[in-house]
Novice: 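Pasting in a structure now, in structure tokens, and then I'll have a few things to ask.
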Amino acid sequence: MLKGFRDFMMRGNVIDMAVGVVIGAAFTGVVTGFVSAFLTPLVGVAVGAAGDFKNYAFSVGGVTFPYGQFLNVLIAFVLTAAVLYFFVVLPVTKATARYLPKKPKAPKRPCPECLTEIPEAARRCAACTAHVEPIAIVAQR
């Protein structure tokens with residue numbers, strides 16, 4: 001019983017996931033610190049609220065609605081998403097496209113029986129197992 005658990009824990013994907021969660025938590029702290037230290041005060045300067053909306057509220061029928069807290073969280077979310085997109089996602093996407101170009105896909109054609117897309121050189125359809133004649137692939141110069 002414990003051997004199975006040990007084997008499960010030592011699989012590469014479990015360890016990779018655990019490391020990813022820990023790195024993600026640390027990265028969350030960095031991004032949150034950057035947004036709260038630099039970007040939220042800039043928004044506050046722009047709207048004249050010193051970057052803190054927690055005291056903004058309104059009352060209806062004796063009930064107070066602290067909408068300022070929601071504004072703080074909303075601004076932090078939008079700024080965090082923008083920081084992640086422009087400083088992580090976009091550069092990684094560009095680096096991936098540059099250093100790991102996609103391989104060209106093999107030309108495809110429809111299966112005459114079931115119309116599933118199959119490679120031109122296929123002799124049998126993977127979906128319906130029908131026998132198909134391969135198309136002669138002409139070498140391009």
Side-chain angles (χ1 to χ4, degrees), residues 1-130 132-141:
M1 184 166 113
L2 290 178
K3 181 182 181 312
F5 180 71
R6 184 193 70 207
D7 292 344
F8 169 73
M9 291 304 295
M10 295 310 291
R11 275 196 227 161
N13 55 358
V14 174
I15 302 297
D16 291 345
M17 185 179 69
V19 169
V21 168
V22 171
I23 294 293
F27 189 70
T28 299
V30 170
V31 172
T32 302
F34 178 76
V35 167
S36 64
F38 296 105
L39 299 182
T40 304
L42 286 176
V43 171
V45 168
V47 297
D52 189 9
F53 300 98
K54 70 180 176 188
N55 295 327
Y56 287 27
F58 67 91
S59 295
V60 174
V63 178
T64 302
F65 294 89
Y67 72 92
Q69 293 174 355
F70 175 72
L71 284 177
N72 278 342
V73 172
L74 181 66
I75 290 169
F77 171 76
V78 170
L79 292 176
T80 301
V83 166
L84 286 174
Y85 179 75
F86 289 111
F87 293 108
V88 177
V89 173
L90 204 58
V92 168
T93 303
K94 287 184 178 183
T96 302
R98 181 175 181 182
Y99 296 113
L100 300 173
K102 291 183 180 179
K103 297 176 185 173
K105 293 185 178 182
K108 301 219 178 217
R109 64 181 170 134
C111 169
E113 295 291 325
C114 69
L115 301 178
T116 302
E117 290 286 315
I118 59 173
E120 285 184 354
R123 294 185 181 169
R124 190 169 296 274
C125 176
C128 69
T129 68
V132 292
E133 292 297 323
I135 295 176
I137 300 174
V138 179
Q140 297 185 8
R141 299 176 191 193

Novice: Does a side-chain heavy-atom distance below 4.5 Å link Pro112 with Val132?
Specialist: yes
Novice: Taking all heavy atoms of Ile118 and all of Cys125, pick out the closest pair and write down the distance.
Specialist: CG2-SG, 3.9 Å
Novice: If you look only at pairs with a residue in residues 61-81, which of them pass as a ring pair (Phe, Tyr, Trp, His ring centres under 6.0 Å), with sequence neighbours excluded?
Specialist: Phe58-Phe65, Phe58-Tyr67
Novice: Hey, could you give me the CG/CG distance between Leu79 and Leu74, rounded to the nearest 0.5 Å?
Specialist: 9.0 Å
Novice: Mind listing the closest non-hydrogen atom pair of Glu113 and Ala130 along with its distance?
Specialist: CG-CB, 3.4 Å
Novice: Within this structure, what is the OG1-CZ distance for the pair Thr93 and Arg98, rounded to the nearest 0.5 Å?
Specialist: 15.0 Å
Novice: Between atom CG of Leu90 and atom CG of Leu84, what is the distance when rounded to the nearest 0.5 Å?
Specialist: 12.0 Å
Novice: For the residue pair Arg109 and Glu120, what are the closest heavy atoms and their distance?
Specialist: NE-O, 3.5 Å
